[in-house]
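Just dropping this structure here.
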Amino acid sequence: MTRLFDHHIHSTRSDGTVSLEDRAKSVAMRPHGISDHYPWPSGMRSDGDVLRYLDDAARLGLRVGIEYDLGVAPPLPRSTRDALDYVIGSVHQIALDGRRLGYDVAGAFLKGRVPPPYPEAGRFADRELQRRVLESHLALVREGILETGIDIVGHPTMSPLAALGDPEAAYPVDWQERLIELCVEHGVAIEINEAYRVPHRAFLERAHARGVRFSVGSDSHFALLPLDRTEAMIREAGILSGPFLGGRRAQEGVSTASSS
Ligand SMILES: [Zn+2]
Ligand SMILES: [Zn+2]
C-alpha cells in the first residue's frame, strides 16, 4: 500500500498532547497534516485564533486543516475556509428537544477506552430515538457541506448507533445512501477513521460503488497512531483504487492506495 496522507491529527492547539513543532517533525516519518478542533476552549475560540494557528502550522511546513465541530462551531468565514488546505466536518453531538445528546461515551467505547458492554445500549435501543439521531446527524452533515463548505466528513458513522455493535443494522441502507449521495454530489470526501474504526465495510463498499472520494484519518491525539486498521479496512472493502485525498481539498490531489 502506498503511504496514504493522514489528514486527521491533533496538537496542543486543541486536545492533543504534541506541539505543532513536534507534529511538523513526524511528517518525515509519514505524510500527514494537522487538524485541530474548532472550537476548542483553549486557543481555538475565534476566527482570529484559527488564522493564527494556520499561520503557525503552515510556517512549520504542515498542511493545515481543522476539525470543525458541526452544529457547535461558529460560522466559518469563506476566506478562512479557503485559506485552509482542508476542513474536516465532524459530528460529536446533536441537539434533541433543546438538550445536548453527546457522543462522548459511544466514542470512548468505540476507541476501546470503555470496556464492553456499551453502557448506553439500553437507551439507544429505542427505535424512535435512533430515527431522531439519524436525522439530526445527517442534517448537521448536510449543513456542513452546503453552508460551511467542508471537504471531508470526519468519522461519518461515529455515534451511539455505531456503538450498538451492528452498524449495518443501526444505519439503514437508505440513510447510508443519502449520506453518500450528498458527498458524491458535492465532491466531499468520506473519512476512514483509524481510532473509531468507522465506517464499516458495507458502507465503504457502497460509497466506493458510487465513486466517492475517501480521506484517511488516524485521529491521533498523542503519539502518531499507525494506520494498520485503516489499511485493513481498505483492503477488506476492496477500495484500494480510492480515490484518496492527498492533503489538499477534494478537488485536488487524489491518489490510489495501491502501490503498483
Ligand atoms: Zn472527532
Ligand atoms: Zn479528531
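These numbers come from the heavy atoms of this one structure, side chains and all, not from hydrogens, waters or symmetry mates.
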Heavy-atom closest pair, residues Met44 and Arg13 = CG-O, 3.4 Å

If you round to the nearest 0.5 Å, how far is CG of Asp6 from CZ of Arg30?
-> 4.5 Å

Are Val114 and Leu110 in one and the same hydrophobic cluster, where Ile, Leu, Val, Met, Phe, Trp and Tyr link if side-chain heavy atoms are under 4.5 Å apart?
-> yes

Return the minimal non-hydrogen interatomic distance between Leu225 and Ser218, and the atom names on each side.
-> CD1-O, 3.2 Å

Side chains of Met158 and Ser90: does their closest heavy-atom pair fall under 4.5 Å?
-> no

Pairs involving residues 112-121, ordered by first then second residue, that meet side chain to side chain donor-acceptor pair (under 3.5 Å) (sequence neighbours left out) | Tyr118-Glu120

Look at the side chain of Arg3 and the backbone N and O of Met29, then say whether any donor-acceptor pair between them is shorter than 3.5 Å.
-> yes

Taking atom CG of Leu129 and atom CG of Leu96, what is their separation to the nearest 0.5 Å?
-> 6.5 Å

Looking at Arg248 and Asp151, does any basic side-chain N land under 4.0 Å from a carboxylate oxygen?
-> no

Determine, using the 4.5 Å side-chain heavy-atom cutoff (strictly less than), whether Val188 and Leu146 are members of one ILVMFWY cluster.
-> yes

Test item: Asn193 side-chain N/O and Tyr196 main-chain N/O as donor-acceptor pair under 3.5 Å | yes

Side chains of Val198 and Phe203: does their closest heavy-atom pair fall under 4.5 Å?
-> no

Ion pair check, Arg178 and Glu135, cut-off under 4.0 Å | yes

Judged by atom type as modelled, is there a donor-acceptor pair below 3.5 Å linking the side chain of Asp49 to the main-chain atoms of Arg45?
-> yes

Between the side chain of Arg81 and the main-chain N/O of Val87, is any donor-acceptor distance below 3.5 Å?
-> no

Please report the shortest heavy-atom distance between Ile152 and Glu191, naming the atom on each side.
-> CG2-CB, 3.9 Å

Is the backbone of Leu161 close enough, under 3.5 Å, to the side chain of Ser159 for a donor and an acceptor to pair up by distance?
-> yes

Apply side-chain contact (heavy atoms from CB on, under 4.5 Å) to the pair Leu76 and Ile150, showing each step before the final yes or no.
-> CA-CA 10 Å; Leu76 193 68; Ile150 65 170; over 6 Å; no

Smallest separation among heavy atoms of Leu101 and Phe124, with atom names | CD2-CZ, 3.7 Å

With no hydrogens and no angle check, is any side-chain donor or acceptor of Tyr86 less than 3.5 Å from a backbone partner on His7?
-> yes

Might you confirm whether atom CZ of Arg99 has over 12 heavy atoms from other residues, nucleotides or ligands at distances under 6.0 Å?
-> no

Side chains of Leu4 and Ile234: does their closest heavy-atom pair fall under 4.5 Å?
-> yes

Apply side-chain hydrogen bond (donor to acceptor under 3.5 Å, both in side chains) to Gln176 and list each qualifying residue two or more places apart in sequence or on a separate chain.
-> Glu168, Arg206

Are Glu194 and His8 linked by a side-chain donor-acceptor pair shorter than 3.5 Å?
-> no

Side chain to side chain, Asp104 and His92, heavy atoms closer than 4.5 Å = no

Is the backbone N or O of Gly246 less than 3.5 Å from a side-chain atom of Arg63, with the two atoms forming a donor-acceptor pair by type?
-> yes

Do the ring planes of Tyr103 and His137 sit parallel (below 30°), tilted (30 to 60°) or perpendicular (above 60°)?
-> parallel

Should the ring pair Tyr38 and Tyr68 be called parallel, tilted or perpendicular, given that the plane angle runs from 0 to 90° and is split at 30 and 60?
-> tilted

Determine yes or no for a side-chain-to-main-chain donor-acceptor pair under 3.5 angstrom, with Asp85 supplying the side chain and Gly65 the backbone.
-> no

Pairwise side-chain contact, Leu70 with Glu143, heavy-atom cut-off 4.5 Å (strictly under) = no

What pair of heavy atoms forms the shortest contact from Ile9 to Gly33, and how long is it?
-> CB-O, 3.7 Å

Can you tell me how far CZ of Phe222 sits from CG of Asp15, rounded to the nearest 0.5 angstrom?
-> 7.5 Å

Side-chain donor or acceptor of His10 paired with backbone N/O of Ser35 under 3.5 Å = yes

To the nearest 0.5 Å, atom CZ of Phe244 lies from atom CD1 of Ile192 at 4.5 Å

Heavy-atom closest pair (Arg23 atom, Ser220 atom, distance to 0.1 Å) is NH2-O, 3.6 Å

Would you check, one step at a time, whether the test side-chain contact (heavy atoms from CB on, under 4.5 Å) holds for Thr157 with Trp175?
-> CA-CA 11 Å; Thr157 56; Trp175 184 92; 4.2 Å; yes

Side-chain touch Leu60/Glu21, heavy atoms, less than 4.5 angstrom | yes

Using a strict cut-off of less than 4.0 Å between a Lys/Arg side-chain nitrogen and an Asp/Glu carboxylate oxygen, indicate whether Asp56 and Arg59 qualify as a salt bridge.
-> yes

Enclosure of Arg100 CZ (heavy-atom neighbours >12, cutoff 6.0 Å) | yes

State, with a plain yes or no, whether a side-chain heavy atom of Phe109 is found less than 4.5 Å away from one of Pro116.
-> yes

Roughly how far, to the nearest 0.5 Å, is NE2 of His221 from CG of Asp36?
-> 8.5 Å

Which value, rounded to the nearest 0.5 Å, describes the distance between Ile88 atom CD1 and His155 atom NE2?
-> 8.5 Å

Can you sort out the partners of Asp166 under side-chain hydrogen bond (donor to acceptor under 3.5 Å, both in side chains), two or more places apart, ordered by chain and number?
-> none

Between Ile66 and Val72, is there a shared hydrophobic cluster once you connect ILVMFWY residues whose side-chain heavy atoms come closer than 4.5 Å?
-> no

Is it true that Asp97 and Arg132 make a salt bridge, defined as a side-chain N closer than 4.0 Å to a carboxylate O?
-> yes

